[in-house]
Protein chains: 2
Amino acid sequence: MQSHIFESYFGKYIDISPEALEFLNASFQEMNYSGREMIVESGGYAKYFYFVLSGVQALYIINEKGEKVILGFSFKGSPSGAFDSFITSKPSHFFLEALSPSKLIGINKQKFDELFERFPEFYKWRALFMEDILLGRISREVEITTMTAKKRFDAFVKRCPPELLEIPQKYLASYLNMKPETFSRLRALRD
Amino acid sequence: MQSHIFESYFGKYIDISPEALEFLNASFQEMNYSGREMIVESGGYAKYFYFVLSGVQALYIINEKGEKVILGFSFKGSPSGAFDSFITSKPSHFFLEALSPSKLIGINKQKFDELFERFPEFYKWRALFMEDILLGRISREVEITTMTAKKRFDAFVKRCPPELLEIPQKYLASYLNMKPETFSRLRALRD
DNA sequence: AATAAAAATTGATATAGATCAATTAATCAC
DNA sequence: GTGATTAATTGATCTATATCAATTTTTATT
């Protein structure tokens, strides 16, 4: 694995010692998923924490009607995983699915825990990283609780990363907490 | 300040050295707010990270119609603060307001930062603490995106801490992302 | 390229919850 | 305690978005 990957993922927040870098190199493994392949099943355990090298993945739950409700996407450069389960070591409430052929690097829970035991300075990364994730989630929460479908759509269009233009728009609709029909109608208003 | 307070807030995740305990003691200060007093204004800077000794506080934003949209409450035993601003040192998007007379202990940003410089083992606390907060926020996000008003109401009734029975129910309604009229009607169905 | 499957579009209709409005109940300030 | 605010309730109506349904477009498969 190329070390510069870890520089970009961890180095944003902390300096990585050569020993730690070696440990990371030895602990992360590359994993490939085909499009439409499940990475974590709800009810199963999230065994890995990932960084994405390519492809798009969706984190979702299934509601009472059996519909996917998408909480977020990950793609090149993002962290990925079913954090609830990975953090708590309890069965996941979420599904994590590759929406397109995906290359990820993952570290298992045991190695992840070992990382912090052996290199406690990584807790700084973990704290700042979690803060970033938290701020992102809060900002989605605010959008969903305060904005109309149209506003959410417009705001999303402005910030939509190119990777997400490749996936079926019904997933984008779900992420924006609206039906595909609504998404389509809002789209028609624009272009 | 009594040291056992810090045991309960930090000790859940890490061991606190006597030196660190002394630093905490010297850094946190007690602060009092009357009911309906603003603690952080949107657009202002969140200068403190708090733990609550008594009273109830609400974190909210004001939507386009000028209505408060409540994201969360804090009360005895909870952390409190406008984390977005405190973490980023940018103006807050949120308001934090005491809904009832409140006693908090707070540490300012400078001391907070110094805490981690001098006692980096506290990053472990910060990481695990943020993970807890994150899981809580995700679970609200799931409720709001997947449940009907009635289900959210029922779920909330089951877990509602006694402190929140003391505040006007229009705030609970807002937290559950519904109008006071809806809350009232759902309530009438129950009792 | 032809066929099948999945996704997107478009129209008609339904509905959960919002809004508006009036009344009653609770809390606050003096 | 009394009047004044503020909150809660209840009813009537409205609306954004969901739902249902039919058609077209796109994508995948052989």
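Here the structure is a predicted model, which is why all the values come from computation and not from measurement. Hydrogens, waters and symmetry mates are skipped; everything else that's a heavy atom, side chains included, is used. Naming: A, B, ... by sequence-line order, numbering from 1 per chain.
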Taking the basic N atoms (NZ, or NE/NH1/NH2) and the acidic carboxylate oxygens, is any pair closer than 4.0 Å for B:K76 and B:E163?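 Not counted as a salt bridge, because no side-chain N and carboxylate O are separated by less than 4.0 Å.
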
Short N-O contact, A:R159 and A:E143, less than 4.0 angstrom: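 The answer is yes: the pair qualifies as a salt bridge.
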
Round to a whole Å and report the spacing from [atom1] of [X] to [atom2] of [N].
X      : N      : atom1 : atom2 : result
A:F183 : D:dT19 : CZ    : P     : 17 Å
B:M147 : D:dA18 : CE    : P     : 18 Å
A:L176 : D:dA16 : CG    : P     : 19 Å
B:K65  : D:dA16 : NZ    : C1'   : 11 Å
B:L189 : D:dT9  : CG    : P     : 12 Å
A:L186 : C:dT10 : CG    : P     : 13 Å
B:N63  : C:dA18 : CG    : P     : 12 Å
A:I144 : C:dG17 : CD1   : C1'   : 17 Å

May I ask you to list the residues sharing a hydrophobic cluster with B:I144, side-chain cutoff 4.5 Å, ordered by chain and number?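 B:I144 shares its hydrophobic cluster with A:I144.
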
Name all pairs fulfilling the side-chain hydrogen bond (donor to acceptor under 3.5 Å, both in side chains) condition that reach into residues 170-183 of chain B, sequence neighbours left out, sorted by first residue then second.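 Every pair satisfying side-chain hydrogen bond (donor to acceptor under 3.5 Å, both in side chains) with a residue in residues 170-183 of chain B: B:E67-B:K179.
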
Return each pair, listed once, that meets side-chain hydrogen bond (donor to acceptor under 3.5 Å, both in side chains) where at least one residue sits in residues 91-103 of chain A; pairs must be two or more places apart or across chains.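 Sorted pair list: A:E30-A:K103, A:N32-A:K103, A:Q57-A:S102, A:Y60-A:E97, A:K68-A:E97, A:D84-A:S92, A:D84-A:H93.
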
Hey, does the Lys NZ or Arg CZ of A:R126 hover above the aromatic six-ring of A:F116, less than 6.0 Å from the centre and inside 45° of the axis?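 Yes, A:R126 sits over the ring of A:F116.
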
Which residues share a side chain to side chain donor-acceptor pair (under 3.5 Å) with A:Q169, sequence neighbours left out: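 A:R187.
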
Is there any protein nitrogen or oxygen under 3.5 Å from a nitrogen or oxygen in nucleotides 5-8 of chain C, and what are the pairs?
{"from": "C:dA7", "atom 1": "OP1", "to": "A:R36", "atom 2": "NH2", "distance (Å)": "3.2"}
{"from": "C:dA7", "atom 1": "OP1", "to": "A:K170", "atom 2": "NZ", "distance (Å)": "3.4"}
{"from": "C:dA7", "atom 1": "OP2", "to": "A:K170", "atom 2": "NZ", "distance (Å)": "2.8"}
{"from": "C:dA8", "atom 1": "OP1", "to": "A:Q169", "atom 2": "N", "distance (Å)": "2.5"}
{"from": "C:dA8", "atom 1": "OP2", "to": "A:K170", "atom 2": "N", "distance (Å)": "3.0"}

Go through it in stages, so that I can follow the logic: the residues are B:K151 and A:E64, the test is salt bridge (Lys or Arg N to Asp or Glu O under 4.0 Å), and I'd like the CA-CA distance, side-chain angles, deciding distance and then a yes or no. CA-CA 12 Å; B:K151 296 241 171 199; A:E64 294 179 333; 3.0 Å; yes

Does a side-chain N or O from A:T182 land closer than 4.0 Å to OP1 or OP2 of D:dA18, or not?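 Affirmative; the distance criterion is met.
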
Taking only side-chain N and O atoms of B:K179, does any of them lie within less than 4.0 angstrom of OP1 or OP2 on C:dA16?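 For B:K179, the contact criterion (side-chain N or O under 4.0 Å from OP1 or OP2 of C:dA16) is not met.
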
When the C1' atoms of the five terminal pairs at each end define the local axes, what inter-axis angle does the helix from C:dA1-D:dT30 to C:dC30-D:dG1 show, to 10 degrees?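 Terminal axis comparison yields 60°.
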
Nucleotide by nucleotide, nucleotides 23-30 of chain D touches protein heavy atoms under 4.0 Å in the pattern (B base, S sugar-phosphate only, - none) --------

Distance, nearest 0.5 Å, that separates [atom1] of [X] from [atom2] of [Y]:
X      : Y      : atom1 : atom2 : value
B:I138 : A:I61  : CD1   : CD1   : 11.0 Å
B:F83  : B:I133 : CZ    : CD1   : 5.0 Å
B:T145 : A:L176 : OG1   : CG    : 12.0 Å

State yes or no: are the ring centers of B:F6 and B:F28 separated by less than 6.0 Å?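 So the answer is yes for these two rings.
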
Strictly by ring-ring contact (aromatic ring centres under 6.0 Å, His included), give each pair with a member in residues 129-152 of chain A just once, sequence neighbours left out.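 Matches after skipping sequence neighbours: A:F49-A:F129, A:W125-A:F129.
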
All side chain to side chain contact (heavy atoms under 4.5 Å, CB included) counterparts of B:S78, not counting sequence neighbours: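 Partners of B:S78 by the side chain to side chain contact (heavy atoms under 4.5 Å, CB included) criterion, ordered by chain and then number, come out as B:S74, B:F75.
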
Under the side chain to side chain contact (heavy atoms under 4.5 Å, CB included) test, which residues partner B:A46, sequence neighbours left out?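 For B:A46, the residues satisfying side chain to side chain contact (heavy atoms under 4.5 Å, CB included) (neighbours in sequence not counted) are B:V40, B:A82, B:S85, B:F86.
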
Where along residues 148-156 of chain B does a heavy atom come under 4.0 Å from DNA chain C, residue by residue in number order?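 Residues of residues 148-156 of chain B under 4.0 Å from DNA chain C: B:T148, B:A149.
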
Protein-nucleotides 20-30 of chain C N/O pairs closer than 3.5 Å?
{"from": "C:dC20", "atom 1": "N4", "to": "B:E181", "atom 2": "OE2", "distance (Å)": "3.4"}

Can you label the angle between the A:F10 ring and the A:F51 ring as parallel, tilted or perpendicular, going by 30° and 60°?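 Rings of A:F10 and A:F51: perpendicular, over 60°.
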
